[in-house]
2 protein chains.
Amino acid sequence: MDKGLEKNITIADVAEALGVSKTTVSRAISGKGRIGRETRERVLAYIEEHDYKPNVIAKGLAQSKTYNICVVMPGEYDVVDLTFFQECLFGIQEIAGSMEYDILLSICRKNDISSLERIIANHKVDGVILMRTFVEDEQIDFLQTKNVPFVTIGSTSANYKGVIQIDHNHKSACKELTSIILMKQMDKIALIGGNEEHVVTQSRLRGFREAYAKMGKTLDEDLMFLSQDNQVLVEKAVKEALNRQADCILCMDDAVCSRVLKTLRQQHVKVPEDVRVASFYNSMVLENNVPSITSLSFDAKELGMVACRTLLDLTEGLEVKERTLLPYEVVLKESTK
Amino acid sequence: MDKGLEKNITIADVAEALGVSKTTVSRAISGKGRIGRETRERVLAYIEEHDYKPNVIAKGLAQSKTYNICVVMPGEYDVVDLTFFQECLFGIQEIAGSMEYDILLSICRKNDISSLERIIANHKVDGVILMRTFVEDEQIDFLQTKNVPFVTIGSTSANYKGVIQIDHNHKSACKELTSIILMKQMDKIALIGGNEEHVVTQSRLRGFREAYAKMGKTLDEDLMFLSQDNQVLVEKAVKEALNRQADCILCMDDAVCSRVLKTLRQQHVKVPEDVRVASFYNSMVLENNVPSITSLSFDAKELGMVACRTLLDLTEGLEVKERTLLPYEVVLKESTK
DNA sequence: CTGAAAGCGCTTACAG
DNA sequence: CTGAAAGCGCTTACAG
């Protein structure tokens, strides 16, 4: 029946050993409240020597805090999304750890947020980071009615007011990449796109359209293939695009892009000789492709770091910006030569 | 300065509202201790109606438990590993959630386990699941000296005694796949292999060798390329293997396999016409490859579920098996036709 | 500058 | 069957 965990030394033990009160020990550790320099140093020395670590749980209970944040990860995903989430997590963990916070993981499917609900009901966290949002988002509804501090990675639909969002500037990025391609005299651009329920898809689409407007060109709606979210649909779209003589295929994300490339390979269509290809996202999956793929470049870890820092500020009651947009790079490679 | 979280209803509130003691309320909820049926039902009804949820943190403090488990995820990984970790996580979360436990995530690099150390020092979890182990493993050393209950996903080196391990039967699986290939009259098998510091690599190697022994064939050490853990090394190994007329390339994991396939593509070597290919692991990355790749098939989610269940038993002081081996399948596809 | 005491929201012997 | 009280390990007014 032994739990295995050693009986731990508590604040009472060090107080007794030093002949001071628990209050004093607590003050020495937290640095709050007046305390004599000498006393504080004695306490600190003892703590150091005996390797005392405060019980964060108890501390949290006394302060009505948990020193945990929840990050919710989508339960449905494409392989290529995974590296993005992972990178974000690295960033979040780096900041959280440095502030003595830990990460509670919640996996939520679009129609099942029970894991998140339980965590909130159980008072296990001080705030939440949403790694993906939908145009209609149950998670946001829930968190807002429960009044839980949260931030989203990626932008949220305009339906939601007052949501703190940390995102890359997808619209500008897509606009810039599209513009560059248009400038290269590829006029027949086929756009093959991801899940329209993801807010980011909308931003990308907007950037794409704005590029056309800016360049004074009109886009061919027959070359727009949205919501092609599986291999079969992508294959059909690619064939259709080729039939219509598209000279460039723009992929709205890397899941789409890897499917497009696969289809082209099967069809023995050469990139960039027969058709150019570019992606509105960047990922490790495409990193090693032959030929290398023109794409945007975003720093997902940075996104995680900023999101975490913002959430922590928020839980402390600090003022935070509603929308933070991080920069991007356009990376031109062989696939659009 | 508003924390945002509503003031929550506590056990004291419901006790007062019902004119009973906190003890009684507590008993009604936990089901422990004697309590009148009618009283219990009154309490339960009130709780239900007012949507009272016990504060798990406080409960944990009183019981010296946290209702959290830590899962440590490797900080260095190949893209193809990610789906494995993700699947495991799904399994872990499913079981943990059903037992009202949550997952605290720790990301550890081989030489930096500070995140895990902090979580343990802070008493934040009741036990730990290690998602990857090394032949020399700091994490295990640490957890053992701290006397923290833990289980590993994957086997651990024989250097460590008494470690609870949940694994697929890699050795048998590799032995079986290798045997099948040998039976198909491919005698010149090139083995291109992953990180030798991972315990699983050793198991795979053993299975490979045993297959040769069983079939009464001698293996060609010149066709064994171990620790080829980047694109450059894999390329060299593939070329060397082709030079030596290998008729099948066996990849020790999918990271290697995707690199091998890439190299073969670049060299315009056809699979399976010019050389056969098979992998000692299965992943979503290879799922869509053309041609389809012969590989082993393991259920990572199941692994996570069993690991979590075992850890929970362990923290409760129940007897658990030191080593649990889950079954596998051999999936023959076009690449070894 | 320091300490006794109450409190965070639960559980659990102990007594009745 | 039920309750008063002590305890889990901290923090924090309040008083001195």
Side-chain angles (χ1 to χ4, degrees), chain A residues 1 3 5-44 47 50-68 100 120-126, chain B residues 1 3 5-44 46-47 50-68 100 121-126:
Chain A
M1 299 308 118
K3 288 279 182 38
L5 291 164
E6 300 161 4
K7 185 84 197 97
N8 283 108
I9 159 175
T10 75
I11 211 171
D13 298 328
V14 357
E16 185 179 355
L18 259 32
V20 298
S21 73
K22 294 191 296 174
T23 310
T24 302
V25 176
S26 175
R27 279 203 270 257
I29 296 167
S30 68
K32 294 182 200 161
R34 301 200 61 70
I35 185 175
R37 201 173 61 89
E38 199 198 339
T39 321
R40 186 184 57 230
E41 281 167 4
R42 264 178 65 217
V43 174
L44 261 21
I47 281 177
H50 293 75
D51 196 33
Y52 164 76
K53 294 278 187 177
N55 182 325
V56 181
I57 305 288
K59 178 181 173 189
L61 184 60
Q63 297 179 140
S64 298
K65 294 187 61 171
T66 64
Y67 292 95
N68 288 146
E100 295 283 303
I120 298 302
N122 284 346
H123 318 275
K124 284 240 190 158
V125 297
D126 298 332
Chain B
M1 297 305 120
K3 285 280 185 34
L5 291 163
E6 300 161 1
K7 185 83 196 100
N8 284 107
I9 160 174
T10 74
I11 211 171
D13 297 328
V14 357
E16 185 178 354
L18 259 31
V20 298
S21 73
K22 295 191 296 173
T23 310
T24 301
V25 176
S26 175
R27 279 202 272 255
I29 296 168
S30 68
K32 293 182 199 161
R34 301 200 61 70
I35 185 175
R37 201 174 59 90
E38 200 199 338
T39 321
R40 186 184 56 232
E41 280 166 3
R42 264 179 64 217
V43 173
L44 261 20
Y46 184 93
I47 281 177
H50 294 76
D51 196 34
Y52 164 75
K53 295 279 187 178
N55 182 325
V56 182
I57 306 288
K59 178 181 173 187
L61 184 60
Q63 295 178 143
S64 298
K65 293 186 63 172
T66 64
Y67 292 95
N68 287 146
E100 296 282 305
N122 284 345
H123 318 277
K124 285 244 192 152
V125 297
D126 298 333

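Convention: sequence-line order gives letters A, B, ...; per-chain numbering from 1. Quantities reported herein were computed from a predicted structural model and do not represent experimental measurements.
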* Are any of A:Ser21's side-chain N or O atoms less than 4.0 Å away from OP1 or OP2 of C:dG3? -> yes
* Between B:Asp126 (side chain) and B:Tyr67 (backbone), is there a donor-acceptor pair under 3.5 Å? -> yes
* **d(OH, B:Tyr67; C1', C:dT11) in whole Å** => 10 Å
* Please determine if B:Arg42 and B:Glu38 form a salt bridge, counting it only when a charged side-chain N lies under 4.0 Å from a carboxylate O. => no
* Structure fact -> Whole-Å distance, A:Asn55 CG to C:dC8 C1', equals 13 Å
* **Between C:dG9 (P) and B:Lys65 (NZ): distance, integer Å** => 21 Å
* Would you say A:Ser30's side chain and A:Ser26's backbone share a donor-acceptor pair under 3.5 angstrom? -> yes
* Asked: Do the side-chain N or O atoms of B:Tyr52 get closer than 4.0 angstrom to the phosphate oxygens (OP1, OP2) of C:dG9?
  -> no
* To do: Can you figure out which of C:dG3, C:dG9, D:dC10 approaches the side chain of A:Val20 most closely?
  => C:dG3
* Structure fact -> With the side chain defined as heavy atoms from C-beta on, A:Thr24 is closest, among D:dC1, D:dT11, C:dG3, to C:dG3
* Asked: Whole Å only: how far is the CD atom of A:Glu41 from the P atom of C:dC1?
  -> 13 Å
* A:Asn122 side chain vs A:Lys124 backbone, donor-acceptor pair below 3.5 Å -> no
* Structure fact -> Judged by nearest nucleotide, the residue sitting upstream toward the 5' end of DNA chain D, B:Arg37 or B:His123, is B:Arg37
* Stems formed with participation of DNA chain D [Watson-Crick or G-U wobble, under 3.5 Å, three or more pairs] -> C:1-3 with D:14-16, C:5-12 with D:5-12, C:14-16 with D:1-3
* Asked: Is B:Val56 touching bases, backbone alone, or none of the nucleic acid, heavy atoms closer than 4.0 Å?
  -> nothing
* Asked: Nearest to the side chain of B:Leu61 - D:dC8, C:dC10, D:dC1?
  -> D:dC8
Distances under 3.5 Å between nitrogen or oxygen atoms of protein and nucleotides 12-14 of chain D:
residue: D:dT12; atom: O4; partner: A:Thr23; partner atom: OG1; Å: 3.4

* Asked: Could you state the NZ-C1' distance from A:Lys53 to D:dG9, rounded to the nearest angstrom?
  -> 17 Å
* To do: For D:dG16 and D:dT12, measure between their C1' atoms and round to the nearest Å.
  => 16 Å
* In Å, rounded to the nearest 0.5 Å, how long is the span from CD1 of B:Ile29 to NZ of B:Lys53? -> 11.0 Å
Donor-acceptor pairs under 3.5 angstrom involving side-chain atoms of residues 11-21 of chain B: please list them, not counting sequence neighbours.
residue: B:Asp13; atom: OD2; partner: B:Thr10; partner atom: N; Å: 2.8
residue: B:Ser21; atom: OG; partner: B:Thr23; partner atom: N; Å: 3.4
residue: B:Ser21; atom: OG; partner: B:Thr24; partner atom: N; Å: 3.2
residue: B:Ser21; atom: OG; partner: B:Thr24; partner atom: OG1; Å: 3.1

* Going by heavy atoms in the side chains, are A:His50 and A:Ile9 under 4.5 Å from each other? -> yes
* Asked: In whole angstroms, how far is the C1' atom of C:dC8 from the CD1 atom of B:Ile57?
  -> 12 Å
